[in-house]
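Heads up, the thing below is written out as structure tokens.
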Number of protein chains: 2
Amino acid sequence: MAGMLAHDAQFRALADPLRLRILAFLHKPEAACCTDAERVCACDLESLVGLSQPAVSHHMKILVQAGLVVAEKSGRWVFYRLNRPAFAGLAQALASLGGGDPAPALAPDSASRSRKAA
Amino acid sequence: MAGMLAHDAQFRALADPLRLRILAFLHKPEAACCTDAERVCACDLESLVGLSQPAVSHHMKILVQAGLVVAEKSGRWVFYRLNRPAFAGLAQALASLGGGDPAPALAPDSASRSRKAA
DNA sequence: CCATTACATCGATATATTTGGATTTGTCAA
DNA sequence: TTGACAAATCCAAATATATCGATGTAATGG
């Protein structure tokens, strides 16, 4: 894809170890005070990364604005979850530079690309 | 690999529009004074991004240290090319987040994971 | 040898990002 | 309503990154 530049905001959102940790947690949430298997409460992210509440809010805003995470407000809480199609799109853009399929686990409609053995 | 964190340096290297432009150029180089279809000379990158020579050198160092680009010195020149397996690995890591399945997203098809033993 | 070319490194400045404290907004429970 | 809580926003300071000019290093050509 020529449009690596179209993913600029997403790459910048990924360029922080705390945000990567948050994304890994959203991918596979562990039990916490307000977190279930599908949604993660912002308050649990504070203890996860060990930052103040405004800092967590700042990082989540970056992730949401980049389209990598979806925020869902529920009462006083905000629950976050991964926007998985965005990651699939990013993976595809990177795979085009890598010369192969991003991941066989995801593509239900692959087979349009010649499978190249490494 | 649970570790997006292992790709931290690579994501940071991608978090710049000039570097994305350079990568797109390395992916599909156009004719220039020292550039052929496989290798790109640093001097051609200067005119591509419109920055000074030290700035280009700085960006290329970041890309090389992240493992995304390979530098090959030839006489007075340095030729750069994409390290495509690194992009394939990044794409796979992102696709595991995009696949909707929190379980270890290892490929059932072994062809594309030759280098990526956990 | 010296001059030139191509790139790297250094030093300083400008800009961007990160962070926490204080404050504000919005929501729920008495 | 008031009180408490969760999160967002504002503000200022600390840190990181980007950039350029000047200089250094290495290789080529005379």
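Below, chain A is the first sequence line, B the second, and so on; all start at residue 1. From a predicted model like this one, the values you see are computed outputs, not experimental measurements.
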How many Å lie between [atom1] on [X] and [atom2] on [N], as a whole number?
X: Asp44(B); N: dT5(C); atom1: CG; atom2: P; answer: 16 Å
X: Leu45(A); N: dA7(D); atom1: CG; atom2: C1'; answer: 12 Å
X: Leu63(A); N: dA8(D); atom1: CG; atom2: P; answer: 12 Å
X: Glu72(B); N: dC7(C); atom1: CD; atom2: P; answer: 13 Å
X: Met60(A); N: dA8(D); atom1: CE; atom2: P; answer: 9 Å

- Message: What's the separation between atom CG in Asn83(A) and atom CG in Leu97(B), rounded to the nearest 0.5 Å?
- Response: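 Nearest 0.5 Å value for the CG-CG distance: 11.5 Å.
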- Query: So do Tyr80(B) and Val70(B) actually touch side chain to side chain, heavy atoms under 4.5 Å?
  - Reply: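 A side-chain contact is absent here, since even the closest heavy-atom pair is not under 4.5 Å.
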- Do Ser57(A) and Gln53(A) touch side chain to side chain, with heavy atoms closer than 4.5 Å?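 The answer is yes, as the side chains (C-beta and beyond) meet within the 4.5 Å cut-off.
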Closest nucleotide among [options] to the [X] side chain:
X: Ser57(A); options: dA27(D), dA8(C), dA8(D); value: dA8(D)
X: Tyr80(A); options: dC7(C), dT9(D), dA7(D); value: dA7(D)
X: Val78(A); options: dA8(D), dA6(D), dT9(C); value: dA8(D)
X: Arg76(A); options: dG26(C), dA6(C), dA7(D); value: dG26(C)

- Task: State whether Lys61(B) places a side-chain N or O below 4.0 Å from either non-bridging phosphate oxygen (OP1 or OP2) of dT9(C).
- Result: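 Indeed, a polar side-chain atom of Lys61(B) lies that close.
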- Message: According to side chain to side chain donor-acceptor pair (under 3.5 Å), does anything in residues 35-49 of chain B pair up with another residue at least two apart or in another chain? List the pairs.
- Response: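 Qualifying pairs: Thr35(B)-Asp44(B), Arg39(B)-Glu72(B).
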Restricting both atoms to N or O, compile the protein contacts to nucleotides 15-25 of chain C shorter than 3.5 Å, with distance only.
residue	atom	partner	partner atom	Å
dT18(C)	OP1	Asp16(A)	OD2	3.4
dT18(C)	OP1	Arg19(A)	NH1	3.1
dT18(C)	OP1	Arg19(A)	NH2	2.9
dT18(C)	OP2	His58(A)	NE2	3.4
dT19(C)	OP2	His59(A)	NE2	2.4
dG20(C)	OP2	Ser52(A)	N	2.9
dG20(C)	OP2	Ser52(A)	OG	2.7

- Report yes or no: does Arg12(B) contribute a side-chain atom to a donor-acceptor pair with the main-chain N or O of Asp16(A) at less than 3.5 Å?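 Here the side-chain-to-backbone pair does not exist.
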- Query: For Leu45(A), which of Val78(A), Leu51(A), Ile22(A) qualifies under side chain to side chain contact (heavy atoms under 4.5 Å, CB included)?
  - Reply: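 One option only clears the test, and that one is Ile22(A).
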